[in-house]
Amino acid sequence: MKPSPLSCVLTLALVLGAGCDVLNTSDAEGTRGRGARAFDPYASSASGAISLSLLSFQGCAVLPSGEPVASGTRPLPGYPAACQNINSGFPPGPPAPPTAKFNVTPGALYFLRELTVMDAAINVHTNFTNRQAPATWMRKQSLFKSLDWSGLAVGRDEWRLMSDDAYRRETYFENAAWMTSSDDTFLLEVLDADGNVRAEQTYKRTDFLAETSVTGRTRVSWAVNGIGRPNFPGDPELHRVAKFGDPVFHTGVKVSLANSTNPFKSFTMPQLTGEGAIRVTWSLMKDAPFYFPVNFVPEAERPATCYRLDADGLATSERVPCGFGLEQAVRMNTPANGQFFQPGDTLDFQVSLQDGDGHALHSRDLMPSFDEYLGDESNGLGYFNEGMLLNFRDTSSSESGFKVVGPLQDLKVVNGTYSLPYFAFPELSEPKYYVAPGTNVIPGGNATEPPTRYAVKLPENARAGTYAVVLKGHRSFMGERLNRMDPFFFQVGQAEPTTYPGRVGNCQLCHNGVNSLSNLHHGVSVDHVELCKTCHFDASVGHISEMIHSLHINSRKYAQNKGDCTLCHLTRESTLRPSLIACNSCHLTSHGTDYFDLQFAPLQVTPNAYGNCANACHVAAPPAEHVLPKN
C-alpha cells in the first residue's frame with residue numbers, strides 16, 4: 001500500500017443546523033435531509049429547482065469537463081475570442097477559439113448551486129524564492145485586481161505529495177479584505193440574444209456552504225508542482241525530480257462558492273431559443289461582471305440519447321431523451337447459498353448509471369468514451385480529468401469509479417503500515433476509475449468505451465460481515481452538476497449484517513436538511529461518513545485526520561468550541577491518538593520546526609507526521625485545554 005500518484009480529495013463543509021438526537025445515527029439524515037419538502041440535490045426540480053453550476057477560467061466560461069465555451073454570434077463585453085483549453089496539457093497550450101456550447105432548459109426552475117471563477121498565470125512566476133511577484137500579479141494584473149486586497153498576508157506553506165518523491169509546494173495568501181467579507185452579494189441575470197435581462201436573482205455569500213481552500217474552493221496561492229522535498233526548513237533551493245520533468249509554476253486566484261443552502265431562491269429560465277447569456281455581477285466587482293454564454297434548448301428538442309430500462313434496471317436498446325439528476329445502481333451476482341458470499345468467491349457486478357427519470361445514461365454493457373465526455377456527448381457522465389485537477393484545481397469532477405471494501409466493522413484509520421486492516425479493491429487510495437488516468441497516452445485510449453461489468457475476487461481469508469461496493473459518480477447536464485457517492489451492501493461469511501466501528505459521528509447534528517453531506521463534495525449520506533477513511537489514508541489525497549480537523553477548524557461556519565472533541569468523537573479512545581499533522585490543523589506551528597522531517601516521512605513507516613504522538617511523548621497527558629469524552 002504505497003502512496004498513490006493521484007488525488008481524490010474529499011471535501012466537506014459544516015454549518016450549524018437544528019439539533020437532533022445525536023445518538024441516533026442510523027438514518028438521521030435520511031429522515032430529515034431528503035425528499036422534495038426538505039432538499040435532495042439529486043431530485044432536481046422535485047427539490048425546489050435544478051442546481052446550476054457556473055465555471056469560468058481566465059475569463060472564459062467552461063463546462064465541467066474543462067472545455068471552453070464559445071461566445072456565439074453576439075459578442076459579449078470583454079469575453080475573449082480565444083481561450084486556453086484546460087485539457088490541452090499541464091501547462092495548457094496556447095489560446096484558441098472555443099467551440100463548446102453551454103446548454104440550459106428554458107422554462108425550467110433553476111437555483112445557483114455553484115459559482116467558480118478563476119484566473120491563473122502558469123509558468124510565469126518561476127523564481128522559487130520570490131513570493132512578491134505572484135502577489136503583485138494577483139493585486140495588479142489578474143481579473144480580480146479591482147478587489148480590496150488590503151490586509152493580504154502570506155499564509156501557510158504546504159507541501160503535498162504528488163507521486164513517489166515528487167511534491168507540490170503551495171504558498172497561500174490570506175486575510176485580504178475581500179476574503180473575509182460576509183455581506184457581499186452576487187446578482188445573476190439571464191440575458192436574451194439582444195442583451196435584455198429576462199430573469200434575475202440575487203444570492204448572498206452566506207447562502208453557500210463551501211467557500212474555503214480546505215474545501216477545494218476559494219484559494220489564492222502560488223504553487224510549484226513536481227519538485228523534490230527541501231533538505232531543511234527554509235531551504236531556498238528548488239530540487240528537481242528527473243522523472244517528473246520541468247516543474248510547473250501555478251499562480252492562481254480562484255473565487256468559488258458552492259452548495260447553496262436555499263434551493264428555493266430560484267429563477268425561471270426564460271422561454272427562449274437559441275443564444276443568450278448569464279451575467280453574474282459581484283458586489284465587490286461591480287464594474288467587471290462575469291459572462292457565461294448559453295444556448296436555450298427546449299425540453300422537446302432534446303435528442304433521444306439515453307436508454308429505457310428493463311425490469312432488471314439495466315439499459316435496453318430503446319433510446320429516450322435524458323432528464324436531469326443522477327442515480328446509481330448495482331446488480332450483483334447471487335451467492336451460491338442465496339444469502340452470502342464465501343471467502344475466496346468472486347463478486348460479479350454490473351453498474352447502471354441513470355438520470356432522475358429512471359433512464360440509463362449508457363448502454364447495457366458499455367459507457368461513453370473519454371472523447372465523448374470531452375465532446376459533451378456522454379449524457380453528462382464525467383470521468384477523471386487531470387486538466388481540471390491540475391490547471392483548474394478542481395477536485396469535484398475527478399473520481400467516477402468504484403471501490404469494494406469490508407467488512408464494515410474493520411474500517412479503521414490507518415498509517416504506519418503497508419497492510420490495510422480490512423479488504424479493499426483497489427488497495428490504493430483512489431477508486432477503480434471507469435476511465436483510468438493516462439488513458440490518453442494509449443493509442444485510441446480516449447475512444448475506448450469502458451465496461452459496465454466488473455469482477456472482484458474476495459480474499460481466501462475474508463472476515464465475515466457486511467461489505468460494500470461504493471460508487472462515485474459525476475454528471476453535468478443542462479447546467480446541472482452533481483457529484484454523489486453510494487454504497488451497495490452484500491454479505492460475506494454470514495447472513496447477519498455488521499456496521500461501522502462508530503467511534504466518531506454526530507455529523508447529523510449540523511449536517512441535515514440543506515446542510516446535509518448529500519449536498520456537499522462527494523454527495524455521501526451522513527449515515528455512511530465512515531467510508532471516507534477508505535480513500536483518505538495517504539498524503540497524496542489528504543489523510544482523514546488532517547482533512548476533517550483542517551476543514552472544520554478553518555471554517556467560519558463552524559462556530560462550536562474548537563477545543564471540544566466530544567462533538568464528533570464518541571469515545572475517549574478515539575481522541576487519544578494525537579498526531580503532528582492533526583494538531584497543526586489548528587496550531588499551525590506546534591513544536592516549530594523540531595519535527596520538520598516527519599512531514600516527508602512515508603505514511604506507511606513510523607515515525608511520521610500522521611503517527612501517534614501518544615506513543616512517544618503524550619502517553620498519559622492528552623492536551624489539557626481540550627474537552628474529551630469521559631469513556
Side-chain angles (χ1 to χ4, degrees), residues 40-46 50-51 63-65 67 100-101 103-105 108 295 297-334 348-385 397 399-402 431-436 439 444-455 469-486 488 523:
D40 183 347
Y42 306 106
S44 303
S45 57
I50 295 161
S51 64
L63 300 180
S65 64
E67 292 296 297
K101 293 183 178 181
N103 296 326
V104 295
T105 300
N295 256 19
V297 180
E299 183 175 357
E301 296 181 11
R302 291 180 196 166
T305 56
C306 279
Y307 300 83
R308 195 174 300 281
L309 298 180
D310 63 15
D312 293 327
L314 298 176
T316 65
S317 59
E318 182 184 353
R319 296 292 190 107
V320 292
C322 297
F324 290 97
L326 173 62
E327 300 289 339
Q328 302 184 114
V330 168
R331 183 184 181 190
M332 304 180 194
N333 63 311
T334 303
D348 293 298
F349 61 94
Q350 188 164 14
V351 174
S352 178
L353 307 178
Q354 305 164 11
D355 66 16
D357 295 332
H359 302 138
L361 300 174
H362 52 78
S363 67
R364 188 182 187 92
D365 298 313
L366 296 172
M367 296 184 188
S369 68
F370 191 82
D371 280 340
E372 289 173 312
Y373 153 65
L374 290 184
D376 199 23
E377 297 175 344
S378 65
N379 291 330
L381 288 180
Y383 298 130
F384 181 90
N385 187 326
S397 60
E399 296 172 348
S400 291
F402 70 86
K432 168 68 176 177
Y433 296 108
Y434 299 134
V435 176
T439 298
N446 280 358
T448 301
E449 296 174 305
T452 63
R453 299 170 183 258
Y454 297 92
V469 177
V470 184
L471 299 189
K472 287 186 176 180
H474 301 264
R475 187 184 185 219
S476 56
F477 179 75
M478 292 286 179
E480 179 185 60
R481 186 190 193 197
L482 298 174
N483 310 324
R484 72 177 303 162
M485 189 170 93
D486 295 298
F488 300 88

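Reckoned from all heavy atoms, side chains included, excluding hydrogens, waters and symmetry mates. Residue indices begin at 1 and follow the sequence shown.
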Using modelled atom types only, decide if a donor and an acceptor are shared between the side chain of Asp376 and the backbone of Ala100 within a distance under 3.5 Å.
no
To the nearest 0.5 Å, atom NE2 of His359 lies from atom CD of Gln354 at 9.5 Å
Short side-chain to backbone donor-acceptor contact, Glu372 and Ser369, under 3.5 Å:
yes
Can you see which heavy atom on Ala108 is nearest to which on Ile50, and at what distance?
CB-CD1, 4.0 Å
Could you tell me whether a side-chain N or O of Asp355 sits under 3.5 Å from a main-chain N or O of Asp357, the two making a donor and an acceptor?
yes
Counting N and O atoms only, with roles assigned by atom type, does the side chain of Ser352 sit under 3.5 Å from a partner on the main chain of Gly313, one being a donor and the other an acceptor?
yes
Pair Tyr383 and Tyr433, ring centroids less than 6.0 Å apart:
no
Identify the two heavy atoms, one from Arg481 and one from Pro64, that lie closest to each other, and give their separation to 0.1 Å.
NE-CB, 3.8 Å
Taking the six-membered ring for Trp, are Phe402 and Tyr434 parallel (under 30°), tilted (30 to 60°) or perpendicular (over 60°)?
tilted
Is a side-chain donor or acceptor of Asp310 paired with a backbone partner of Asp312 at a separation under 3.5 angstrom?
yes
What are the two closest non-hydrogen atoms of Thr105 and Glu299, and how far apart are they?
CG2-N, 4.2 Å
Do the side chain of Glu480 and the main chain of Gly325 share a donor and acceptor less than 3.5 angstrom apart?
yes
Donor-acceptor under 3.5 Å (His362 side chain, Leu353 main chain):
yes
Would you find a donor on one side and an acceptor on the other, under 3.5 Å apart, between the side chain of Gln350 and the backbone of Arg364?
yes
Is the side chain of Asn333 donor-acceptor paired with the backbone N or O of Asp348 at a distance under 3.5 Å, no angle test?
yes
Pair Glu327 + Arg484, salt bridge at N-O below 4.0 Å:
yes
Between Asp365 and Arg453, does any NZ, NE, NH1 or NH2 come within less than 4.0 Å of an OD or OE carboxylate oxygen?
yes
For the side chain of Ser400 and the backbone of Gly382, is there at least one donor-acceptor N/O pair under 3.5 Å apart?
yes
